[in-house]
Amino acid sequence: MSSPRLHQTDQPEQIHMALDGIDFLLHQTGKSAGLARNDLLKIMKFLTLMRHAKSSWHHEGVKDFDRPLNNRGLRDAPIVAQHLSDQNLQPDLLWISPAERARQTAAIVLEKLAIPEEQICYKEEIYDAGLLQLLHLIRQAPESAEYVMMIGHNPGFSDLACILNPRQDRNLVTGAVVHLQLDIGSWKAINKACATTLWQAWPKMLSKD
């Protein structure tokens, strides 16, 4: 699996952000600037959190788990999916809440991202998960995966983004995405303030209307 950062030669600003993270690690560890960047990338992980698109509350008798996207969500999700495609994201794993609104959002995203079926998993733990449950889940990710993408819910996702990067103070609105670089070599080491936000996006920011 190619790196989700450094192969983006058409997006120098993102490359510079990733390299800034590498420079920080060099400074913190006292390593020589001659250390191969590929070696440094082995002690980094990457995490993308996407909140499901806007869902409907107008289906009387429908359980929360089964609520579908509304018209706005169906409009916004393809816009965000196209943005993800434009970033050339290539996650090693895509974890999705099995709730209907997350499933629908994921289906639209997968129309734009070529992720093999064996790398996609619906995780019941994501639905209604709080911060501690999400941290516990991520710590179980296989170490062979450098990059995990998750599609799920608030408040858990916003809380997770803010605990990983305390400077991350924006609430994840419906359809929002945050892409994080984790300065860890093992998923088991994920903890407070271990992340740098490489970029974030949300439907209103991306909309041309």
Side-chain angles (χ1 to χ4, degrees), residues 1 4 44-57 59 62-69 73 76-77 80-81 84 89-113 115-166 168 170-195 197-198 200-202:
M1 182 64 62
M44 290 183 185
K45 300 289 187 183
F46 293 81
L47 177 67
T48 299
L49 302 174
M50 179 177 184
R51 186 182 174 193
H52 64 80
K54 191 74 173 177
S55 58
S56 175
W57 291 91
H59 290 71
V62 174
K63 296 179 180 179
D64 178 77
F65 186 87
D66 298 321
R67 287 193 295 110
L69 299 184
D76 288 348
V80 179
L84 296 176
L89 298 185
Q90 297 179 337
D92 298 305
L93 292 173
L94 173 59
W95 288 350
I96 306 163
S97 162
E100 180 62 22
R101 56 195 183 276
R103 282 180 172 270
Q104 285 186 276
T105 301
I108 294 170
V109 168
L110 287 168
E111 290 177 1
K112 296 293 184 179
L113 298 185
I115 302 176
E117 186 175 350
E118 63 270 17
Q119 294 171 209
I120 302 169
C121 184
Y122 292 90
K123 292 281 191 179
E124 292 185 7
E125 302 98 310
I126 297 176
Y127 176 67
D128 207 26
L131 171 62
L132 294 181
Q133 290 90 343
L134 289 171
L135 285 171
H136 178 72
L137 175 63
I138 294 169
R139 286 174 182 142
Q140 298 178 57
E143 298 300 350
S144 58
E146 293 182 3
Y147 174 22
V148 174
M149 180 176 181
M150 301 171 67
I151 298 178
H153 311 268
N154 263 2
F157 272 28
S158 285
D159 290 345
L160 178 60
C162 288
I163 200 72
L164 295 179
N165 179 7
Q168 173 74 33
R170 181 179 178 87
N171 180 56
L172 295 182
V173 299
T174 49
V177 183
V178 59
H179 185 51
L180 301 166
Q181 172 188 299
L182 309 179
D183 296 327
I184 57 175
S186 167
W187 291 110
K188 293 180 177 61
I190 192 169
N191 218 319
K192 182 178 180 180
C194 71
T197 300
L198 297 183
Q200 56 185 326
W202 52 96

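Since we're looking at a predicted model, the values are computed, not measured.
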Heavy-atom closest pair, residues [X] and [Y]:
X: Leu47; Y: Tyr147; answer: N-CD1, 4.2 Å
X: Arg51; Y: Leu172; answer: NH1-O, 2.9 Å
X: Tyr127; Y: Pro98; answer: CB-CD, 4.4 Å
X: Leu137; Y: Glu125; answer: CD1-OE2, 3.9 Å

Ion pair Arg101/Asp64, N-O distance below 4.0 Å: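 Judged by the 4.0 Å cut-off on N to carboxylate O distance, Arg101 and Asp64 do form a salt bridge.
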Can you confirm whether [X] sits close enough to [Y] that some side-chain heavy atom of one is under 4.5 Å from a side-chain heavy atom of the other?
X: Ile96; Y: Ile126; answer: no
X: Thr174; Y: Ser55; answer: no
X: Gln104; Y: Pro68; answer: yes
X: Ser56; Y: Val62; answer: no
X: Asp159; Y: Leu134; answer: no

His153-Ser97 side chain donor-acceptor pair, cut-off 3.5 Å: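 Result is yes, a qualifying pair exists.
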Neighbour count above 12 (heavy atom, 6.0 Å) for Glu124 CD: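 No - once you tally the heavy atoms of other residues, nucleotides and ligands closer than 6.0 Å, there are 12 at most.
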Exceeds 12 heavy-atom contacts within 6.0 angstrom, atom CD of Glu143: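 Buried by this count: over 12 neighbours within 6.0 Å.
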